[in-house]
2 protein chains.
Amino acid sequence: MVTLQGVTPVPLPFASSTGSPASPASGPRRRDAAKTRQLLLDAARRRFAEDGYAATTVRDIADDAGVNVALISRYFASKEGLFEACLKTAGEELRRSTGEVGLDGIPEAIARHIAESSAGSVAGQLALLLRSSGDERADQIRLDMLRSSAGRLAALAGDGPDRLLRAEVVLAAAIGITLLRTSTGIEPLSSAGVAELTSPLRDLVGALLGDGSSGAQAGAGGHHPE
Amino acid sequence: MVTLQGVTPVPLPFASSTGSPASPASGPRRRDAAKTRQLLLDAARRRFAEDGYAATTVRDIADDAGVNVALISRYFASKEGLFEACLKTAGEELRRSTGEVGLDGIPEAIARHIAESSAGSVAGQLALLLRSSGDERADQIRLDMLRSSAGRLAALAGDGPDRLLRAEVVLAAAIGITLLRTSTGIEPLSSAGVAELTSPLRDLVGALLGDGSSGAQAGAGGHHPE
DNA sequence: ACCTCATGTAAACGACCGTTGACTTATCGG
DNA sequence: CCGATAAGTCAACGGTCGTTTACATGAGGT
């Protein structure tokens, strides 16, 4: 057996090391509660987003993560606790990725989110927003996330007394597209890439939130800053 | 309230039982397989649309319908069979209600569907489109319904090579709004009536499917990229 | 009336679910 | 090196699920 030494000199309670490479050739996995926690979170978020809360079993999640089922109860107290943790981390990522762009960048940011949520492995934050667990706390977290996202969208739209309603329609469209892609596979929507999605989304956002001055033209919006 | 009458999916032994259709104080209910079937279908469609397939139990449906659980297996063979039957009837209603309007009428038709699906008791056809059961046949029915709806929408939009994609985006928006309303209750979207919904939907449909002449009066440049 | 069968009822079955407790094993401070 | 403790494993538990089976009963044809 090969044992690596000199790693993790300080025992961190939990360092969300999402950025760390997958390290597929780790072989005999060392005992690492933080890593196990993260593996469970990633697997759970994907399952919950794709199949919904009720259709997902804790054994599914544990198998995907490659850990024992009982560890879900240990680290997250319950399936509901795991779902709440998923919502929180998804909310953070969502806020981080959409908090820096202006109205002109929104369409492409949404398109990128949608496209990556299908192709990528994690993502699916948007789909999570529509997945209900029946738990009161989880539903409250979910509603807070939705309100926050809608509020930020509405803040970018200048005029109109119903700009919050319109922002929620934009949000609903984004979520609807994501769910339609992940759970039905209808074409050509499901295979559309960022470029193909950006065009209709630009029209959609422009028509709902644009005040006419922001101009729906962009084209050279440039690359997303990551 | 819902008027369930004139349903004859199976050869009725006697059609004269409609003399007193749904009198609530009818006391001992007469044995009527057709009526029982319809009660189950209505209850199931509502439950499936609101809570999703996996979160709905056959005992829930049977209790809502006021009939015995075993009758689900008798009349629909299984929970999956009941779900498929729900999809079929929902598809018929959806087609009937949107098959007579032109592009100009689409926004209000969608708004009406959405608003009634929240206030009314049945409806929810749109939400059903996003509920997956994991069953192959059901998913196929669902996909066919989606394709048909998207195709009819796209046929109303004249130009553009991506008009099918744009039609699917409109469909996704409508479904997303419905689910956001029924499963999160976010405001002001959830309480918006037909009138309030029609306005943003007109902009949305106009921007995605309109060719510029359909009266996109949003003030913003209604010109579409060519 | 009586037989027959469709309709509805009640109870149970096997399977799977989320969760728990006792047990094993690796890791580390002393 | 050696207990102490965290990290992980295993098997089982009560409960609920969808479904089936056996039974009761209303209703129409002859």
Side-chain angles (χ1 to χ4, degrees), chain A residues 1-15 26-40 43-44 47-48 51-63 65-85 133-135 138, chain B residues 8-17 19 26-40 43-44 47-48 51-63 65-85 133-135 138:
Chain A
M1 59 181 67
V2 190
T3 56
L4 296 176
Q5 287 183 352
V7 296
T8 64
V10 49
L12 359 136
F14 62 91
S26 60
R29 204 175 301 145
R30 282 174 68 95
R31 292 190 169 185
D32 188 341
K35 185 169 190 172
T36 299
R37 252 187 77 105
Q38 194 62 39
L39 285 172
L40 283 173
R47 280 279 188 178
F48 285 147
D51 304 333
Y53 179 84
T56 300
T57 74
V58 291
R59 288 178 171 84
D60 288 338
I61 299 172
D63 288 348
V67 307
N68 193 280
V69 202
L71 297 181
I72 290 179
S73 297
R74 181 193 294 276
Y75 291 130
F76 300 95
S78 67
K79 182 188 179 185
E80 283 183 355
L82 177 55
F83 184 69
E84 293 174 16
S133 70
D135 175 35
Chain B
T8 54
V10 295
L12 272 180
F14 52 90
S16 62
S17 80
S26 63
R29 202 176 301 146
R30 284 174 67 93
R31 293 191 169 186
D32 187 340
K35 185 170 187 174
T36 299
R37 253 186 76 105
Q38 195 61 38
L39 285 173
L40 282 173
R47 281 278 187 179
F48 284 147
D51 303 334
Y53 178 84
T56 300
T57 74
V58 291
R59 287 176 173 85
D60 288 338
I61 299 171
D63 288 349
V67 307
N68 193 281
V69 201
L71 298 182
I72 290 179
S73 297
R74 182 193 295 277
Y75 292 130
F76 300 96
S78 66
K79 182 188 180 186
E80 283 183 356
L82 177 56
F83 184 68
E84 293 174 16
S133 70
D135 174 35

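Only this structure's heavy atoms are used, side chains among them; waters, hydrogens and symmetry mates stay out. Not measured: the values here are computed from a predicted model.
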_Whether the side chain of Arg59(B) and the base of dT16(D) hold a donor-acceptor pair under 3.5 Å is what I'd like checked._
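Result: no qualifying N/O pair found.
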
[atom1] of [X] versus [atom2] of [N]: gap in Å, rounded?
{"X": "Leu39(B)", "N": "dT7(C)", "atom1": "CG", "atom2": "C1'", "value": "14 Å"}
{"X": "Glu80(A)", "N": "dC17(C)", "atom1": "CD", "atom2": "P", "value": "17 Å"}
{"X": "Ile72(B)", "N": "dT19(D)", "atom1": "CD1", "atom2": "P", "value": "9 Å"}
{"X": "Asn68(A)", "N": "dG21(C)", "atom1": "CG", "atom2": "C1'", "value": "13 Å"}
{"X": "Arg74(B)", "N": "dT21(D)", "atom1": "CZ", "atom2": "C1'", "value": "11 Å"}
{"X": "Leu71(B)", "N": "dT9(C)", "atom1": "CG", "atom2": "C1'", "value": "8 Å"}
{"X": "Asp32(A)", "N": "dG8(D)", "atom1": "CG", "atom2": "P", "value": "7 Å"}
{"X": "Leu40(A)", "N": "dT19(C)", "atom1": "CG", "atom2": "P", "value": "13 Å"}

*Answer yes or no: does a side-chain N or O of Thr36(A) lie under 4.0 Å from OP1 or OP2 of dG8(D)?*
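True: Thr36(A) side-chain N/O within range (under 4.0 Å) of dG8(D) OP1/OP2.
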
*Check Val69(B) against Ala62(B) and note the closest heavy-atom contact, atom names and distance.*
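Taking Val69(B) first and Ala62(B) second, the nearest heavy atoms are CA-CB, 3.7 Å.
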
*Might you point out which heavy atoms bring Ala55(A) and Asp60(A) nearest each other, and give the distance in Å?*
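Of all heavy-atom pairs spanning Ala55(A) and Asp60(A), the closest is O-OD2, 4.3 Å.
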
*Please step through side chain to side chain contact (heavy atoms under 4.5 Å, CB included) for the pair Thr36(B) and Tyr75(B), ending with a clear verdict.*
CA-CA 9 Å; Thr36(B) 299; Tyr75(B) 292 130; 3.8 Å; yes

*Measure from the side chain of Lys79(A), starting at C-beta and using heavy atoms only, and say which of dT9(D), dT20(D), dG18(C) lies closest.*
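Nearest to the side-chain atoms of Lys79(A), counting from C-beta on, is dG18(C).
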
*Of all the choices, dT19(C), dC10(D), dT7(C), which nucleotide is nearest to the side chain of Ala70(A) once you look at every atom?*
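The nucleotide sitting nearest to the side chain is dC10(D).
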
_side chain to side chain contact (heavy atoms under 4.5 Å, CB included) between Phe76(A) and Glu84(A), worked out_ = CA-CA 9 Å; Phe76(A) 300 95; Glu84(A) 293 174 16; over 6 Å; no

_Can you confirm if the NZ or CZ of Lys79(B) lies within 45° of the ring axis of Tyr53(B) and under 6.0 Å from the centre of its six-membered ring?_
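Geometry flag: set, cation within 6.0 Å and 45°.
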
*So what does Thr57(A) touch, heavy atoms closer than 4.0 Å: a base, only the sugar-phosphate, or nothing?*
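Sugar-phosphate contact only - Thr57(A) comes under 4.0 Å of backbone atoms but never of a base.
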
*Check every strand shown and say whether Tyr75(B) touches a base, only sugar-phosphate, or nothing at a heavy-atom separation below 4.0 Å.*
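If one applies the 4.0 Å heavy-atom cut-off, Tyr75(B) turns out to touch the sugar-phosphate alone, with no base involved.
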
